[in-house]
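Read through the structure below, which is laid out as structure tokens, and then see the notes.
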Amino acid sequence: MSEEAIKQAVALALDAMGVADADVRFEQPKDPGHGDLATNVALTLAKTLRRSPRDIAEEIASRVDTEGSGIESVDVAGPGFLNFKLSSGQVASRLEEIVGADADYGRCDEGGGESIVVEFVSANPTGPLHLGHGRQGALGDAIAGLLDWTGWSVSREYYYNDAGAQIDRLAESVWARYQQHFGQDAAVPEGGYQGDYVGAIAEGIAEEHGDRFVGNHDAAALEVMRTTAVHVLREEQDRDLSDFRIHFDVYFLESSLYEDGRVESTAEALRETGKVFDLDGAVWLRTTAYGDQKDRVMIKSDGSPTYFLPDVAYHMDKWGRGLHHAINVQGSDHHGTVARVQAGAQALGLPAGYPEYVLHQMVRVERDGKEVKLSKRAGSTITLRELMTEVGVDVTRYFFQMRKPDGHLVFDLGLALDQSDKNPMYKVQYAHARMCSIFKKAGRERASIVTEGVDLSVLTTEVEREVIKALVQFPELVRNAARLRAPHLICDYLEQTAGAVNSWYHAGNPSRNPELAVLVDDENLRNARLALARSVQIVLHNGLTILGIEAPEQMMREAELAPAD
RNA sequence: GCGCCCGUAGCUCAGUUGGAUAGAGCAACGGACUUCUAAUCCGUAGGUCGCAGGUUCGAAUCCUGCCGGGCGCGCCA
């Protein structure tokens, strides 16, 4: 509202200068010395007005009415920027919105309640979840959180590739280990699964069924291997995800698309588009007609479909369920699939660009600058379970979220294990807990801290202004992060804000500067600072909530956890 | 060879879609701290934004071409 006043005042000034249609854009300067709000109109108008930018800026400044608009000063700076400084009362009054909105501060209704589905993790049930799934889980869940906060009706979905060649290989792998268990000579096939968990599944089958499948390689035997393995691994994955605090609304089974004939009907529908052709005994879709680099095989020469066909069927199903906005989070090693799935959907009449993809790159865990691979169980990379057991769920989630999806992620185990302020996740949680401890010290329930009847204009120190300015940026930041599908912007913001908050908090250390402490004797000043602390607590809490990370009221030192095997 | 992504401080990374002196966090260096609102605080230093052109008042950001790295490239998923 105070900003509105400035914008209006500038508009009026420009009107008087005969350039009412100018595109005036404001921004919050990074440098506090540049005031609270700045605009570069004078620079953009220089050409059309044929006057020097500074000259134009001076005229605007002189025409802006500062009376009663809450503007403390207007300055012309640099090549012709106009910098506005608001009165401290105007700045502090923004706290009223924050305290008023409380747990909803930062929400908006940009999505208008429309449905959107975020599909992520979608691991094949062929082994334990590893690091990449962890990153994808944390990322997808945070994107879903952002969409929820910006007014979308979000559902989280998991697509189980429980059909097809990789599951057959799993069954063969279990079968081989089962034979080995009974002393038979059998080897896990080429491209099979080697991890210890395969042997464990085989032993489970041996316990339940005895030796009745020894030397027996018929369909029924393999079916037992297959269903048992899928069942066991799905349960394990579900447990891992649940402990990682990720919950899905819909689990979609690829096998269901075969069972109800939709893979075939999708193939039929694609044929009818005339974009299908036969070559070398296989059936192809002319995906190049929709911007793909190459045409793709949809039915192999042996008559079985490639994964691509059920994938298209699956997205037709999504659309049919009324989910006209869909985001798929995937590893960037799958980026080749993007164009072809979109092409298939488009061929069947869906809009170009459906579904939307967020691709993320791989994760590398390092300790002291060296790569760590500590999983025996999975046979190769570290599992999600191992990582979250070692450093905790909150840290794991945060570290996966704090980098933009593109580009590799280096997970620094040393930093993750550090429970001091150096660890960015703890830094944010500490700042939150410190605010809560002030409330406790003051003997105040959170809800009793209000802005009504408090003169907030007493919040005049530079640090206080900085903190307030950081806080009021939160809603716009959330909107932006949601649009860009970029949770890391939230992390970045929380760290910056926590930094400002910690400075404020430490500056008011009673042993050093008792007059800067929150709990001063002056009642109004104390209430104003409590309102600020409360606002900080709300923003940090809400930011962490979007990311699916806890906002503790009190920090506890966790006991040393035994490292995972 | 073609396509997508990445290249910013010693390390890990931001940079709000073209703005002012390019920012954080680790690490480094220098101080403060018998103490509580504390599993510290304040400060310093550190940069040809991969390279070269171009666009314009203005480029880390947009365009073109190179260099380097990751991933993917007709019947694996």
Side-chain angles (χ1 to χ4, degrees), chain A residues 25 27-31 33-34 38-40 43-44 46-47 52-53 77-81 83 124 126 161 164-167 169 191 254 279-284 287 292-308 310-311 331-340 359-362 366 369 402-412 414-415 418-424 426-427 430 433-435 437-438 440-442 473 476-477 479-481 483-484 486 488-489 491-493 495-496 499 502-503 505-512 517-519 533 555-557:
Chain A
R25 304 181 69 168
E27 60 165 21
Q28 302 202 356
K30 297 172 214 163
D31 184 342
H34 294 148
T39 180
N40 62 347
L43 294 158
T44 57
K47 209 166 197 176
S52 89
F81 288 99
N83 294 334
N124 298 340
T126 54
N161 290 102
Q166 80 281 1
I167 295 292
R169 276 200 296 276
E254 181 188 11
L279 181 70
D280 300 337
V283 182
W284 299 64
T287 54
D292 198 3
Q293 244 196 312
K294 294 172 179 175
D295 293 326
R296 308 291 175 178
V297 171
M298 50 184 252
I299 298 174
K300 302 181 227 172
S301 48
D302 69 0
S304 64
T306 62
Y307 80 97
F308 155 61
D311 233 26
S332 62
D333 53 334
H334 288 90
H335 79 252
T337 72
V338 174
R340 78 186 73 168
L359 302 178
H360 66 87
Q361 300 230 32
M362 297 300 118
E366 285 186 2
M402 70 182 182
R403 303 299 180 213
K404 65 179 170 206
D406 322 321
H408 289 95
L409 175 80
V410 174
F411 195 109
D412 184 341
L415 188 60
D418 190 327
Q419 295 191 12
S420 77
D421 263 354
K422 287 177 190 167
N423 181 325
Y426 282 111
K427 177 176 172 179
Y430 278 124
R434 281 170 183 147
M435 298 304 109
S437 101
I438 293 175
K440 207 175 293 173
K441 179 100 180 174
Q473 284 170 11
E476 192 189 336
L477 178 94
R479 214 165 21 241
N480 233 317
R483 281 188 197 139
L484 298 171
H488 74 280
L489 295 176
C491 297
D492 214 56
Y493 169 83
E495 281 170 58
Q496 298 300 323
N502 286 337
S503 292
Y505 174 84
H506 289 301
N509 185 326
S511 71
R512 218 173 297 144
V518 172
L519 304 180
M555 298 300 285
M556 312 257 231
R557 169 166 285 198

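Each chain gets a letter, A, B and so on, in the order its sequence line appears, and its residues count up from 1. Treat the numbers as computed from the prediction; the structure is a model and nothing was measured.
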Discussion item. With a 4.0 Å cutoff (strictly under), does any side-chain N or O of A:T44 reach OP1 or OP2 of B:rG58?
Written reply: no
Take A:R434 and A:D421 through the test salt bridge (Lys or Arg N to Asp or Glu O under 4.0 Å) and record every step on the way to the result. CA-CA 12 Å; A:R434 281 170 183 147; A:D421 263 354; 3.6 Å; yes
Salt bridge (Lys or Arg N to Asp or Glu O under 4.0 Å) filter on A:E476, not counting sequence neighbours, yields none
query: Is there a donor-acceptor contact under 3.5 Å from the side chain of A:T287 to the main chain of A:K294?
result: yes
**Prompt:** Checking all strands, does A:R483 fall into the base, sugar-phosphate, or nothing category for heavy-atom contacts under 4.0 angstrom?
**Reply:** nothing
- Query: So what does A:Q166 hit on the nucleic acid, given a heavy-atom distance under 4.0 Å: a base, only sugar-phosphate, or nothing?
  - Reply: sugar-phosphate
Determine whether any donor atom in the side chain of A:Y426 lies under 3.5 Å from an acceptor atom in the base of B:rA39, or the reverse, and answer yes or no.
-> no
Rounded to whole Å, the CG-C1' distance (A:L477 to B:rG15) equals 13 Å
Here the distance between atom P of B:rG15 and atom CG of A:L484, to the nearest Å, is 9 Å
Rounded to whole Å, the CD-C1' distance (A:Q293 to B:rC71) equals 13 Å
Heavy atoms under 4.0 Å, any strand shown: does A:S304 hit a base, just sugar-phosphate, or nothing?
nothing
Of the candidates B:rU16, B:rA77, B:rG70, the side chain of A:N480 sits closest to B:rU16
Scoring nucleotides 21-34 of chain B by protein non-hydrogen atoms under 4.0 Å (B base, S sugar-phosphate only, - none) yields ---SSSS-------
Base, sugar-phosphate, or nothing for A:V283, non-hydrogen atoms under 4.0 angstrom? nothing
In Watson-Crick or G-U wobble terms, with both distances under 3.5 Å, the base opposite B:rG3 is B:rC71
By nearest-heavy-atom nucleotide on RNA chain B, the more 5' of A:Y430 and A:F308 is A:Y430
| message | Counting the atoms with a prime plus P, OP1 and OP2 as sugar-phosphate, which does A:A507 contact under 4.0 Å by heavy atoms, base, sugar-phosphate, or nothing? | response | nothing
- What does A:D302 touch in the nucleic acid at a heavy-atom separation under 4.0 angstrom: a base, only the sugar-phosphate, or nothing? nothing
d(A:F308 CZ, A:M298 CE) to nearest 0.5 Å is 7.0 Å
Scanning all shown strands, the Watson-Crick or wobble mate of B:rA39 with both distances under 3.5 Å is none
(request) For A:H506, report the nucleic acid contact type (base, sugar-phosphate, nothing); a contact means any heavy atom under 4.0 Å. (result) sugar-phosphate
Report task. Name the nucleic acid region contacted by A:G508, choosing base, sugar-phosphate or nothing; use a 4.0 angstrom heavy-atom cut-off, strictly under. Result -> base
- request: May I ask whether A:W284 stacks on the base of B:rG74, given the cut-offs of 5.5 Å between ring centres and 30° between planes?
  value: no
Answer with base, sugar-phosphate or nothing: what part of the nucleic acid does A:D292 contact at a heavy-atom distance below 4.0 Å?
nothing
| query | In whole Å, what separates the P atom of B:rU61 from that of B:rG18? | reply | 11 Å
Contact class for A:S332 (heavy atom, under 4.0 Å): base, sugar-phosphate, or nothing?
-> sugar-phosphate
Between B:rC51 and B:rG68, how far is it from one C1' atom to the other, in whole Å? 11 Å
Assign each of A:R434 and A:L359 the nucleotide of RNA chain B bearing its closest heavy atom; nearer the 5' end lies the nucleotide of A:L359
Between CZ of A:R296 and P of B:rG72 the distance, given in whole Å, is 14 Å
Regarding B:rG19, can its base be found pairing with the side chain of A:N40 as donor and acceptor, where the two atoms are less than 3.5 Å apart?
yes
The nucleotide from B:rA20, B:rC76, B:rA77 with an atom nearest the side chain of A:F81 is B:rA20
Paired to B:rG10 by Watson-Crick or G-U wobble criteria (both distances under 3.5 Å) is B:rC26
Pairing partner of B:rA20, by Watson-Crick or G-U wobble and under 3.5 Å for both distances, is none
- Query: Just to confirm, is there a sub-4.0 Å distance from OP1 or OP2 of B:rG70 to any side-chain nitrogen or oxygen of A:H408?
  - Reply: no
**Message:** What contact category does A:L489 fall into here, base, sugar-phosphate, or nothing, at under 4.0 angstrom with non-hydrogen atoms?
**Reply:** sugar-phosphate
Interatomic distance, CZ@A:R403 vs CZ@A:F411, rounded to 0.5 Å, equals 11.0 Å
Whole-Å distance, A:D311 CG to B:rC76 P, equals 16 Å
Here the distance between atom C1' of B:rC57 and atom CG of A:L43, to the nearest Å, is 7 Å
A:N161 has its side chain closest, among B:rC71, B:rC6, B:rA77, to B:rA77
- Distance below 4.0 Å between A:S437 side-chain N/O and B:rA38 OP1 or OP2: yes
(message) Distance criterion of 3.5 Å, no angle test: do you see the side chain of A:H334 paired donor-to-acceptor with the base of B:rG72?
(response) no
When rounded to whole Å, the CD to C1' distance for the pair A:E254 and B:rA77 reads 9 Å
Worksheet item: Quick one: is A:S503 getting a side-chain N or O under 4.0 Å of the B:rC41 phosphate, OP1 or OP2?
Response: no
A:L409 atom CG is separated from B:rU12 atom C1', nearest whole Å, by 10 Å
(request) Examine the base of B:rA39 for any acceptor or donor lying under 3.5 Å from a partner atom in the side chain of A:D418, and report the outcome as yes or no. (result) no
So CG of A:N124 and CD of A:Q166: to nearest 0.5 Å the spacing works out to 4.5 Å
(message) Please classify the nucleic acid contact of A:A77 as base, sugar-phosphate, or nothing, using heavy-atom distances under 4.0 Å.
(response) base
Under a 3.5 Å limit on both distances, the Watson-Crick or wobble mate of B:rU64 is B:rA52
Can you find a side chain N or O atom of A:K404 that sits less than 4.0 Å from OP1 or OP2 on B:rA14? yes
>> Is it the case that atom NZ in A:K440 sees more than 12 heavy atoms from other parts of the structure closer than 6.0 Å?
In response: yes
